[in-house]
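Both ligands and their constituent atoms are indexed starting at 1 by order of listing.
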Amino acid sequence: MLRKLVFLGMGGTIAGASESATDNVGYKAGQVGVAQLLVAIPALRGALGDHEPVSEQVAQLDSKDLGHNHWRDLAQRTHHYLSVADVTAVVITHGTDTLEETAFFLSCVLPEELLRSKPVVLTCAMRPASSSAPDGPQNVLDAVATALNSASQGVVVVCAGTVHSARDVQKAHPYRVNALDSGDSGPLGFVEEGAVRWVHQCTGAIADARAFPLEKLSFVPWPWVEILVSHAGVTGTALRALCALPKGATPLLAGIVVAGTGNGTIHQDLEAALREAQKQGVRVVRSTRCCQGRVVAGSTEFEFAHSNGLSPVKARIALMLELMR
Ligand code: SIN
């Protein structure tokens, strides 16, 4: 019996189209359906081996416009397919701009016992499908090789022949086809001529993520968590204004992730406002705006919780899920 490999489409540049085949910048993301993308990759048949492709369009957008409902829908559809006995893995085509957030979110909410035996592989492209030299088709083939590799587990990201973990991957370049990076941790592996060469064990688990009951996404409101950046000249004015918003006008501010300078330091004026916010019950998490490494704790306790090495955008997701729990 043929097993199934599921492809879920979310849009992005991989599904983008521009008027000219030489224009890799002035295109519109999220134009080509996932089924059409697959048909345009002749080598896919061979890469799938004894697997039959199944595709579904979950969303069709530029990933900068993703909302929490898109995440909920994607998590639910992914969970649905992972729970089907003859499905081996799920591949998701997605825009690069917020891919690291979606990958991290999925790794926090999908049940670990399913992810241990059935990987979820996100892939993307930096050039639109209409390009005369698109990178999407090779990325899809590499994602298929990763999804069908017996050592794959958890949520991983494949781009430009490189396999990244959901925890460490970050978009690091606005133009290069090799736009993603795993920082200090380095990639999990490389895809070479259809074979994965692992350089780190693919554990799949997010060590510091606590199990999240997926069904809660349907009825628990998403808390309002903002990211603020500490920088020269910043004040506490914006944060105080957010905290002073009248009840009922918007959901109450529930949390702040502060992208601190260097080792998570914060301008004294913003720090004072954060202290006041925390006293009012707003949860504050400290991360760093540095794109590599993590905040290193010293001998004195930090006044604000730290992000456990998560980047500001991922720390925001972790805090939202924590508050929703
Ligand atoms: C997007 O994130 O949807 C657009 C940019 C990209 O995919 O590279």
Taking it one step at a time, do I256 and L274 satisfy side chain to side chain contact (heavy atoms under 4.5 Å, CB included)?
CA-CA 8 Å; I256 290 287; L274 285 165; 3.7 Å; yes
Below 6.0 angstrom between ring centroids: does that apply to W222 and F105?
yes
Just checking, any donor-acceptor pair under 3.5 angstrom between side chains of S182 and H164?
yes
Would you say V87 and I92 are hydrophobically clustered, going by side-chain heavy atoms of ILVMFWY under 4.5 Å?
yes
Looking at R3 and D50, is there a salt bridge between them, counting it only when a charged N and a carboxylate O are closer than 4.0 Å?
no
I'd like the contact residues of ligand 1, where contact means a heavy atom below 4.0 Å.
G12, T13, Y27, D62, S63, G95, T96, D97, A125, M126, K171
Distance-only polar pair, side chains of T88 and H51, donor-acceptor under 3.5 Å
yes
